[in-house]
*Asks:* 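Below you'll find the structure I mean.
Just so it is clear, the structure is predicted and the values come from calculations on it, not from any experiment. Labels below follow one simple rule: chain letters A, B, ... track the order of the sequence lines, proteins then strands, and each chain is numbered from 1.
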Protein chains: 2
Amino acid sequence: MQTNSEALENAETQNRLRDAGLRPTRQRIGLANLLFAGDCRHVTAEELFAEANAAALSVSLATVYNTLRQFVDAGLLREVLAEPGRAYFDTNISDHHHFFHVAEGRLEDVPADAVSIAKLPVAPAGANVERVDVIIRLNKA
Amino acid sequence: MQTNSEALENAETQNRLRDAGLRPTRQRIGLANLLFAGDCRHVTAEELFAEANAAALSVSLATVYNTLRQFVDAGLLREVLAEPGRAYFDTNISDHHHFFHVAEGRLEDVPADAVSIAKLPVAPAGANVERVDVIIRLNKA
DNA sequence: GTGATTGCAAATCTTTTGCACTAAA
DNA sequence: TTTAGTGCAAAAGATTTGCAATCAC
């Protein structure tokens, strides 16, 4: 059974995927609905896989990995490096930064206007600045 | 054969290790000499392992990994996250930031005074700022 | 001697890939 | 029907670990 709002959500999601050049398959729609349900989610592949299972979305772990990578390439997601050996995916693709709660392994958004970088070095010859990542690492007080 | 300057270097390295609470073993001394030969080196475990082999230092890859981790814990090295699935180790432990040449997978130091952060958000309740990492990601121009 | 360290191989963990099957257009 | 996408299992790559042998103190 599908409610009206779910149907609407799916239609929006399908358009979003199509606009990104991705076929709106059942798995991609399901994962996108999970990812973009809230405003700023930070998930690992394993976490999203667990959520999909909990939501009775039949999808393999390999497809979760592949889909996350495709979403990043398509500009729907941003990859955030906070810990060695584990990738976080951020549904907030606007310009912003992050707190990283080291003990919990948890990311938290910092709005772009909460950080102001007054001075940046010039890029070395032959190089262009692609992005400036600021990660504020946090400990328990 | 060992030259005088090598002997001196080893004595300094041994003190440095002892001060950090680590026994100055042959492997640790050898790796430390390689690491701290220059001012600001950025190496991966595999790179350091290759260097050790080239320098006829007999050490296993596992020991390279373990030693790097111990050096980080002891405050002799800093781990830098720039790429998913690969850890870089920085011999410069003073406050500074990084360029990351994405295409080459290469880190470059940015002196602390070349970046000025005019505004930072307050840490969430119960948390302390441990460190602020700034990584300037670079593309080919 | 005694406890820390090392080496090796095996284990672990995250992520990617090959290929037969299925689904979207 | 044609091409893209999926699932599974296997591979790949980075890193860690168990344990016997070795080294520093």
Side-chain angles (χ1 to χ4, degrees), chain A residues 10-11 13-34 42-53 56-74 76-77 79-89 105 107, chain B residues 10-11 13-34 42-53 56-74 76-77 79-89 105 107:
Chain A
N10 280 349
T13 300
Q14 291 185 31
N15 286 335
R16 195 203 288 246
L17 292 174
R18 252 187 277 267
D19 289 348
L22 297 168
R23 273 196 193 174
T25 65
R26 186 174 55 76
Q27 288 84 347
R28 286 179 182 161
I29 294 168
L31 294 175
N33 282 339
L34 288 172
H42 304 95
V43 299
T44 63
E46 289 285 351
E47 284 166 6
L48 185 59
F49 179 57
E51 274 188 38
N53 285 344
L57 169 65
S58 165
V59 63
S60 72
L61 180 57
T63 295
V64 172
Y65 273 103
N66 291 336
T67 301
L68 286 170
R69 184 79 34 223
Q70 291 154 358
F71 283 9
V72 169
D73 291 344
L76 298 174
L77 285 180
E79 192 171 8
V80 180
L81 300 171
E83 270 187 319
R86 165 177 287 114
Y88 289 85
F89 296 89
L107 279 170
Chain B
N10 280 349
T13 301
Q14 290 184 31
N15 286 336
R16 196 204 286 246
L17 291 173
R18 251 187 277 266
D19 290 348
L22 297 169
R23 275 197 192 174
T25 64
R26 188 175 54 77
Q27 289 83 350
R28 286 179 182 161
I29 294 168
L31 294 175
N33 281 339
L34 288 172
H42 304 94
V43 299
T44 63
E46 290 283 352
E47 284 166 7
L48 185 59
F49 179 58
E51 274 187 39
N53 284 343
L57 170 66
S58 164
V59 62
S60 73
L61 180 57
T63 295
V64 171
Y65 273 103
N66 291 337
T67 301
L68 286 170
R69 183 79 34 225
Q70 290 155 357
F71 283 9
V72 169
D73 291 345
L76 298 175
L77 285 181
E79 192 172 6
V80 180
L81 301 169
E83 271 186 318
R86 163 178 286 116
Y88 289 85
F89 296 88
L107 280 170

*Asks:* Return the value, rounded to whole Å, for the distance between atom CD of B/Glu47 and atom C1' of D/dG13.
*Replies:* 15 Å

*Asks:* Closer than 4.0 Å, any side-chain N/O of A/Arg26 to the OP1 or OP2 of D/dT6?
*Replies:* no

*Asks:* Classify the nucleic acid contact of A/Pro84 as base, sugar-phosphate or nothing, counting any heavy atom under 4.0 Å across all strands shown.
*Replies:* nothing

*Asks:* Which two nucleotides bound the region of DNA chain C that has atoms under 4.0 Å from heavy atoms of chain B, read 5' to 3'?
*Replies:* C/dG3 to C/dA9

*Asks:* I'd like to know if the side chain of A/Arg18 reaches the main chain of A/Pro24, judged simply by a donor and an acceptor atom lying under 3.5 Å from each other, with no hydrogens or angles considered.
*Replies:* no

*Asks:* Verify the contact: side-chain N or O of A/Thr63 to OP1 or OP2 of D/dT6, cut-off strictly under 4.0 Å; return yes or no.
*Replies:* no

*Asks:* Grab the CG-C1' distance between A/Leu61 and D/dA11 for me, whole Å please.
*Replies:* 15 Å

*Asks:* Can you measure from CG (B/Asp73) to CG (B/Leu68) and round to the nearest 0.5 angstrom?
*Replies:* 11.0 Å

*Asks:* Could you give the CG-to-P distance, from A/Leu17 to D/dA4, as a whole number of Å?
*Replies:* 17 Å

*Asks:* Expressed in angstrom and rounded to an integer, what is the separation of B/Glu79 atom CD from D/dA14 atom C1'?
*Replies:* 12 Å

*Asks:* Without decimals, in angstroms, what is the distance between B/Arg18 CZ and D/dA24 C1'?
*Replies:* 9 Å

*Asks:* Closest nucleotide of DNA chain D for B/Asn66 versus for A/Gly21: which of these residues is on the 5' side?
*Replies:* A/Gly21

*Asks:* Students often get this wrong, so: under 4.0 angstrom with heavy atoms, is A/Thr44 touching a base, only sugar-phosphate, or nothing?
*Replies:* nothing

*Asks:* Working to the nearest 0.5 Å, report the span between CD of A/Gln27 and CG of A/Leu57.
*Replies:* 7.0 Å

*Asks:* Check the distance between D/dC25's C1' and B/Ile29's CD1 and give it to me in whole angstrom.
*Replies:* 13 Å

*Asks:* Between B/Ala62 and B/Leu22, name the one whose nearest nucleotide on DNA chain C is closer to the 5' end.
*Replies:* B/Leu22

*Asks:* Calculate, to the nearest 0.5 Å, the distance between atoms CD and CZ belonging to B/Glu47 and B/Arg86 respectively.
*Replies:* 7.5 Å

*Asks:* Rounded to whole Å, how long is the line connecting atom CZ of A/Arg86 with atom P of D/dT15?
*Replies:* 14 Å

*Asks:* Measuring from B/Tyr88:OH to B/Leu77:CG, what's the distance to the nearest 0.5 Å?
*Replies:* 15.5 Å

*Asks:* Under the side chain to side chain contact (heavy atoms under 4.5 Å, CB included) criterion, do A/Leu17 and A/Thr25 qualify, and how do the steps go?
*Replies:* CA-CA 9 Å; A/Leu17 292 174; A/Thr25 65; over 6 Å; no

*Asks:* Side-chain N or O of B/Gln27 less than 4.0 angstrom from OP1 or OP2 on D/dT22?
*Replies:* no

*Asks:* Check whether any side-chain N or O of B/Arg28 sits under 4.0 Å from OP1 or OP2 of D/dA24, and answer yes or no.
*Replies:* no

*Asks:* Rounded to the nearest 0.5 Å, what's the gap from CG on B/Asn66 to CZ on B/Phe71? Could you check?
*Replies:* 11.5 Å

*Asks:* Can you tell me the distance, in whole Å, between the CZ atom of A/Arg23 and the P atom of D/dG5?
*Replies:* 6 Å

*Asks:* Quick check: on DNA chain D, is the nucleotide nearest B/Pro24 upstream (toward 5') of the one nearest B/Tyr65, or the reverse? Name the residue that is more 5'.
*Replies:* B/Tyr65

